[in-house]
Novice: 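A single structure is presented below for examination.
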Amino acid sequence: MRQARPYSAMFAGGVSARTGPHALPLARIKKIMKRSAGESSGVDGGGARMISGEAPVVFSKACELFIAELTRRAWAATLEGKRRTVHKEDVAAAVQNTDLFDFLVDVVMADDHDAMD
């Protein structure tokens with residue numbers, strides 16, 4: 001009988017039985033997609049009632065790549081501060097120093113104002 005290789009679980013079942021080979025739960029992504037589509041379309045309160053099975057998979061991968069890139073840049077800010085623990089200030093610095101994350105600047109600034117109050 002053929003033995004399973006150490007990494008075969010990654011291809012056959014993934015991270016867990018709940019999420020498959022995806023690090024993020026697809027059902028949660030689908031729920032967010034449906035809710036977001038309903039908010040943005042002003043016509044009859046309609047939105048995306050039906051979402052194909054492939055769409056959440058693509059969004060899951062995109063989220064993984066986004067989180068990985070933001071983490072790399074926050075880690076660089078952590079190392080500049082001569083620390084080994086990522087703090088929210090490091091994430092804020094990564095957002096503020098990267099043009100790609102300009103859409104998050106308001107979120108980061110709102111967090112800073114909330115922390116000061």
Novice: List the steps, then state whether side chain to side chain contact (heavy atoms under 4.5 Å, CB included) holds for Leu24 with Ile29.
Specialist: CA-CA 8 Å; Leu24 301 172; Ile29 291 171; 4.0 Å; yes
Novice: Measuring only between side-chain heavy atoms, which start at C-beta, is Ile32 closer than 4.5 Å to Lys34?
Specialist: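 No, too far: nothing below the 4.5 Å cut-off.
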Novice: Output the distance between atom CG (Leu104) and atom CE (Met109), rounded to the nearest 0.5 Å.
Specialist: 13.0 Å
Novice: Identify the two heavy atoms, one from Ala55 and one from Met33, that lie closest to each other, and give their separation to 0.1 Å.
Specialist: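 The answer is CB-CE, 3.8 Å.
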Novice: Return the minimal non-hydrogen interatomic distance between Ala74 and Ala94, and the atom names on each side.
Specialist: N-CB, 3.6 Å
Novice: Quick one: pull up NZ in Lys61 and CD in Glu64 and give me the separation to the nearest 0.5 Å.
Specialist: 5.0 Å
Novice: So, applying side-chain contact (heavy atoms from CB on, under 4.5 Å) with Lys30, which one of Ser60, Pro56, Pro25 is it?
Specialist: Pro56
Novice: Looking at every heavy atom in both Leu79 and Arg83, which two are closest together, and how far apart are they?
Specialist: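 Residues Leu79 and Arg83, closest heavy atoms: CD2-O, 4.0 Å.
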Novice: Is it possible for you to say whether Leu70 and Leu100 belong to one hydrophobic cluster, with membership spreading through side-chain heavy-atom contacts below 4.5 Å?
Specialist: yes
Novice: For the side-chain contact (heavy atoms from CB on, under 4.5 Å) test, which of Asp90, Val86, Val91 pairs with Trp75?
Specialist: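 Of the listed residues Asp90, Val86, Val91, the side-chain contact (heavy atoms from CB on, under 4.5 Å) partner of Trp75 is Val86.
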Novice: Where do Val108 and Gln96 land on the side chain to side chain contact (heavy atoms under 4.5 Å, CB included) test, with the steps shown first?
Specialist: CA-CA 8 Å; Val108 171; Gln96 291 172 348; 4.1 Å; yes
Novice: Checking Arg28 now: which residues fulfil salt bridge (Lys or Arg N to Asp or Glu O under 4.0 Å) with it, not counting sequence neighbours?
Specialist: none
Novice: Do Phe101 and Arg73 have side chains that approach each other closer than 4.5 Å (heavy atoms only, starting at C-beta)?
Specialist: yes
Novice: Is it the case that the ring center of Phe66 lies less than 6.0 angstrom away from the ring center of Phe59?
Specialist: no
Novice: Side-chain contact test, heavy atoms from C-beta onward, threshold under 4.5 Å: evaluate it for Val105 versus Val95 and give yes or no.
Specialist: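 A side-chain contact under 4.5 Å exists here.
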